[in-house]
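Reviewing the structure listed below.
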Amino acid sequence: MATVEEKAGSGDKRVSEGTLRDFFREMLLIRRFEEKVEERFRAGELPGFLHVAIGQEAIATGVCAALAREDVIASTHRAHGHTIAKGTHVNAVMAELYGKTEGCSGGYGGSMHLYDVEVGNLGANAVVAGGIPGIVGAALAFQLRGEKRVAVAFFGDGATNTGTFHESLNLAQLWKVPAVFVLENNGWAESTPNTQHSPLPIDELGKRAAAFGMKLIEADGQDVEAVHLATLAARDHALSGKGPVLLHLRTYRLTGHFVGDPQVYRDKDELKRERETKDPIELLRARLELSDEDFEALDAEITAEVEASVEFAKAGTDPAPEDALKHVYA
Amino acid sequence: MATVEEKAGSGDKRVSEGTLRDFFREMLLIRRFEEKVEERFRAGELPGFLHVAIGQEAIATGVCAALAREDVIASTHRAHGHTIAKGTHVNAVMAELYGKTEGCSGGYGGSMHLYDVEVGNLGANAVVAGGIPGIVGAALAFQLRGEKRVAVAFFGDGATNTGTFHESLNLAQLWKVPAVFVLENNGWAESTPNTQHSPLPIDELGKRAAAFGMKLIEADGQDVEAVHLATLAARDHALSGKGPVLLHLRTYRLTGHFVGDPQVYRDKDELKRERETKDPIELLRARLELSDEDFEALDAEITAEVEASVEFAKAGTDPAPEDALKHVYA
Amino acid sequence: MPELTYREAVRDALARALREDDGVFLMGEDIAEMGGSMAVTQGLLEEFGPQRIRNTPISEMAIVGSGIGAALQGMRPVVEIMYEDFLTLSMEQLVNQAAKHRTMSGGQLKVPLTVRTQGGAGWSPGAQHAQQLEAWFVHVPGLKVVFASTPEDVRGLLWSSIYDDNPVVFFEHRTLYPIKGEVPEELEPIPLGKARVHREGTDVTVVATGRLVHESLAAAEQAEADGISVEVVDPRTLLPLDEETIVESVKKTTRCVTAHEAVTRGGFGAELAAVIQHGAFDYLDAPIERVGSKFAPLPFAPVMEQHVVPHAADVLEAIKKTVARA
Amino acid sequence: MPELTYREAVRDALARALREDDGVFLMGEDIAEMGGSMAVTQGLLEEFGPQRIRNTPISEMAIVGSGIGAALQGMRPVVEIMYEDFLTLSMEQLVNQAAKHRTMSGGQLKVPLTVRTQGGAGWSPGAQHAQQLEAWFVHVPGLKVVFASTPEDVRGLLWSSIYDDNPVVFFEHRTLYPIKGEVPEELEPIPLGKARVHREGTDVTVVATGRLVHESLAAAEQAEADGISVEVVDPRTLLPLDEETIVESVKKTTRCVTAHEAVTRGGFGAELAAVIQHGAFDYLDAPIERVGSKFAPLPFAPVMEQHVVPHAADVLEAIKKTVARA
Ligand SMILES: Cc1ncc(C[n+]2csc(CCOP(=O)(O)OP(=O)(O)O)c2C)c(N)n1
Ligand SMILES: Cc1ncc(C[n+]2csc(CCOP(=O)(O)OP(=O)(O)O)c2C)c(N)n1
Ligand SMILES: [Mg+2]
Ligand SMILES: [Mg+2]
């Protein structure tokens, strides 16, 4: 877990500059990784169905850095960032997208089913909200065994309209299991704006916690420090036995829903404004006052890392066709 | 619809004494009907699975009296009261419980599937919360066609834990359809007390409306006048175009979950206290200051009506075995 | 005769029904501005407006359930479940409510609801976006089940489904959307419950659905080259099933292969085999061969995916196997 | 050998597993103080306490889903869905999550979850409390499916299901709870995937599951009186299926009837028929007859209910029909 300092003279905490620099590096790594994914998809190299989380990197990084390795996560269709932030090497993620046995799911999962149990990633889910109930059960297992671990579910604003979400949060709160429910509220469910999918004003989606009497913590999802501190608080709360937390983070999807989405449904000016003012990487770069020189050096390093992951993936092993039948049963 | 008077000098409304007497009659009819059902079940005459709503009569009567005939309802496994109050003759209900073609569902439904489309009863449901989404759709049809009708779903506290409930209320509020969601909160889901099924304190279950920004109206479910006025307000709100209403009514289940339930899980003293202090019929009788004479005359009349329904049912027609296959398709 | 893609044919049926009948409206995720995740409903929002082309929240239970409620009030809703994998979330409403209201009410109610959905492999979607689950619904009295394989069929059958007074689960196959075919100028409704003989033949009958109709036709061409004459029948409506056409065909050819993309075990091919062995017992010269997906959740990597799902080559192999039987 | 009811046998397997293994725990609606709606879990709360015998809210998705999550962490949860009709609400978690985690993760995960449920007609419950839906799950690679018909089997199979490292959907039949049968003193695990030959015979094989095992045994007795020798086989595990035992039996008897309470159309009997006609084609002297519920949602009135569901008389009639074939 990252270093957190008490702010002198107050109960508030802040993240050390060194840690913020680490965060910056990881966020940029995720960004460059996903840009590469877009590029390789357009080049026709990547099979399947891909969703990038460009604009939402502060959440992946801020949340996962607040978790212990033993803590577990369940991710969504927009999974690359969470997976990298939870500790899977970009090589293994890229190899998965190329369908190679070296991939983090052995080539069986693909972009929407990134798993890495070793580092606590219980898998991404292509069914909206599909992973949330499992997180309640994982947290219950921790509680029953007296383990000091939390289980964390990521999901979007669109997911909060599902029955699965509702049943899961209700059960989690009822049993006070050590879970954190991370709502990545980017205001869109595919092409459907929040005004067409949730009767609550977009910034009030946190009110859904009230239906269960659940602790709500909110933070600016574009500010990695805020995300990180909020997650630490949420984790503490969940571990204290007081019950789970709904962690509501407002964020922005700065690209299409899926790679290749022409976004006909979206106001182009607004998107442009958002790209200019809400990019979490730009915001952090400004705050860290990174020199262009420093930035470019870092960026070059990261770009090379991402390039290397593509090389790694391409050099990977294709599964044998009949391997398809290998893991049906344990 | 029943007569409602403005209370002189205030915006408050009250129900006229004459109407309250009508309510009393209907509540007593439902009570005697259900007592008879219990008796006939124990005598081995009634097949299937029966749930009575003894203690909850003020809701059936108070709500349904506030509805127009064109308004529609969906009921639950605890359906006799709703069905009678919405306008189905006790003969047709009793005949249904006996599995006769004269029954309100032609003998196809039984206690948990009482239908009477003529009077706006779209059916009782043996799946908890199963009827709620249909009510959203019915209300949507009214809205699309510009009809001044409301659609009403009954359900219990236990049902508020289902995903079906959550998705339905969300959609209803999003589209502001003219629906009223009547939460009959008796504090139990079968043998499971609310403390074991909902993290919210029992009296705060109305907070679930907050998850959707839905209008909440609350009333004492044992007070038929309060229920009735609350329903009128809810109906007005729903028809005004401002959106649906969650109508939260606290009530008491003064018997077992199902007919024959020994209630091993329930504190006997508490039940006794509830029976003594929360019986909506006793409460209304006291308020109306009915003389013993008047009460007994009425009771005798009602008892005869219920007896007659048993005679009617027993004299009814058994379906032919092969009628089973008659209504699979329209 | 105009040529339409399968996608356009679906859209054409929807648009015509929307035009003709105020009671028809559409609900589903992303069907409005975006025109649906498969671009099927593109343009409909512009023509029919947001009251009738309704984007929904991600709420598959409520989508189907509210469709049921509107249908009970005499509307003819057509709801879309984006991928049939998500039908898993609406099973309760489909199976316990839509299919049963009519019987449970003793015939008082009818549920003229159409649930459109699509699925199918062939594009590396992984295990949760490509299932073929039509067999489940064939087991549910009160539902009707349609699975169309050509532009002409999909248009005529969708029309009939919308105007059917019963709940219809209407399956489309993702990889068929771009295929083209001639359709009559005027939409001709195709009655539910009538199979289509795509190709006549004398040696073996292939009963195929969805994408496998096309694979089977390709296999039939190849078999022809080897001197095997193949009849290809598409039931199109899986429930009610046109047993007569299918059984008569097998009586004539004396051999049979069933073919669908769904997993073989417990699939619709099992029902077909059970019906055919019963109805054509004295005629059968070989066991009925079933072609379907191999027994595994669909893996992501294309080589594994292709290994799991059936192709023309698998149908051809099955054809040859039946014919090889003495 | 002690005698237990089917109900007691289920309870015994649960209690022993709970005693032996801290990782085993139970979740479900009303399973604690009330002991379950079928009284199966009575007494377990007292012995094992509320941490391990957990009442849940009415949340079938979350019940199954949280069971999956606990199983992924190495627990062995046994969850109860009160009526299998309500499995319709947990299909997404069962089919898309439990069945697929292992493949999707490339073998990293296992899901040792048992989902117990029950159903069945015979007590006028109406259309939403008596379905038999086991066939759906047979179509889902990654799940195992068990349907036990005797006290001995239900105990031994439940034990094996709990200790299986895969998700098992475990069906019980409501009307079987009171039946009695001898069971070994010590619980003997019964391996999943092994059929049981209940009765040997030479003229016809009845492959039956659940309640219909008993109806078939009764029919066999009656047939015996008419000089027909009937073999009765119960697959017990529907997935994976013991094809060998079943096919060998039919090869011997040359005739076959399948029997279950579920609706015939699209039921498990279809899969059996498909497998048997394939495996025993050259041996079959008559078409395979399928016995199952008639094609209708279950009506309430007892006379209609009894008309829909199959009984010994229906099995007997099918037996006679197969035997009458030249
Ligand atoms: C149950 C289900 N319904 C529909 C879909 C199709 N779908 C995939 S992502 C998505 C939108 C999700 O929105 P949100 O939860 O806000 O996540 P975001 O995409 O914004 O990250 C939809 C509708 C799905 N995958 N699962
Ligand atoms: C989906 C579903 N799960 C479980 C049941 C079994 N069941 C029938 S009634 C009931 C309790 C319902 O509680 P509540 O909604 O509060 O209604 P009440 O019985 O108190 O009127 C349960 C669990 C069911 N019928 N449907
Ligand atoms: Mg979103
Ligand atoms: Mg209740």
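Letters A, B, ... are given to chains in the order of the sequence lines, protein chains preceding strands, and every chain is numbered from 1.
- In this structure, CE in D:Met34 is found 13.0 Å from CZ in B:Arg266, a value given to the nearest 0.5 Å.
- The line from CG of B:Leu114 to CZ of D:Phe300 is 9.0 Å long, rounded to the nearest 0.5 Å.
- For B:Ala129, no part lies under 4.5 angstrom from a heavy atom of chain D.
- Only the side chain of B:Tyr329 comes within less than 4.5 Å of a heavy atom of chain D; its backbone N, CA, C and O stay farther away.
- Here the OG1 atom belonging to B:Thr192 is positioned 4.0 Å from the CG atom belonging to D:Asn55, to the nearest 0.5 angstrom.
- The closest side-chain heavy-atom distance from D:Phe295 to B:Val328 is below 4.5 Å.
- Between chain D and the residues B:Met112, B:Lys100, B:His327, the largest count of heavy-atom pairs under 4.5 Å involves B:Met112.
- Residues D:Pro299 and B:Ala324 share a closest heavy-atom pair of CG-CB, 3.7 Å.
- Put simply, of B:Gly158, B:Ala159, B:Gly163, the one with the most heavy-atom pairs under 4.5 Å next to chain D is B:Gly158.
- No part of B:Asn194 comes within reach of chain D, as not one of its non-hydrogen atoms sits under 4.5 angstrom from that chain.
- Residue with the most contacts toward chain B among D:Asp85, D:Ile58, D:Leu298: D:Ile58 (heavy-atom pairs, distance under 4.5 Å).
- D:His307 is listed as a side-chain neighbour of B:Glu322, based on a closest heavy-atom distance under 4.5 Å.
- The 12-atom threshold is not exceeded at NZ of D:Lys321, counting heavy atoms of other residues, nucleotides or ligands nearer than 6.0 Å.
- Counting non-hydrogen atoms of other residues, nucleotides and ligands closer than 6.0 Å to CD of B:Glu311 gives a total above 12.
- Interface residue D:Pro125: only backbone heavy atoms are found under 4.5 Å from chain B.
- The 12-atom threshold is exceeded at NZ of B:Lys314, counting heavy atoms of other residues, nucleotides or ligands nearer than 6.0 Å.
- Side chain of D:Gln128 to main chain of B:Ala126: a donor-acceptor pair is present (N/O by atom type, distance under 3.5 Å, no hydrogens or angles).
- A distance of 11.5 Å separates CG of B:Leu97 from OG of D:Ser124, quoted to the nearest 0.5 Å.
- For the atom pair CG of D:Asp30 and NE2 of B:His257, the computed distance is 7.0 Å after rounding to the nearest 0.5 Å.
- Ring planes of B:Phe49 and D:Trp123: perpendicular class, angle over 60° (limits at 30 and 60°).
- Between B:Leu325 and D:Ala296, the shortest heavy-atom contact is CD2-CB, 3.6 Å.
- Both the backbone and the side chain of B:Val127 come within less than 4.5 Å of a heavy atom of chain D.
- At a 4.5 Å heavy-atom cutoff, B:Gln263 makes no contact with chain D through either its backbone or its side chain.
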Problem set entry | side-chain contact (heavy atoms from CB on, under 4.5 Å) between D:Leu89 and B:Thr164, worked out | CA-CA 9 Å; D:Leu89 288 157; B:Thr164 317; 3.9 Å; yes

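- Remark: side-chain polar atoms of D:Ser59 are paired, donor with acceptor, to backbone N or O of B:Asn161 under 3.5 angstrom.
- Across D:Val303 and B:Pro319, no two heavy atoms sit closer than the pair CG2-O, 3.3 Å.
- Taking both residues in full, the closest heavy atoms of B:Val264 and D:Glu33 are given as CG2-O, 4.0 Å, listed atom of the first, atom of the second, then distance.
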Problem set entry | CA sep, side-chain torsions, deciding dist, call: B:Glu190, D:Met82, side-chain contact (heavy atoms from CB on, under 4.5 Å) | CA-CA 12 Å; B:Glu190 293 213 6; D:Met82 194 188 280; 3.7 Å; yes

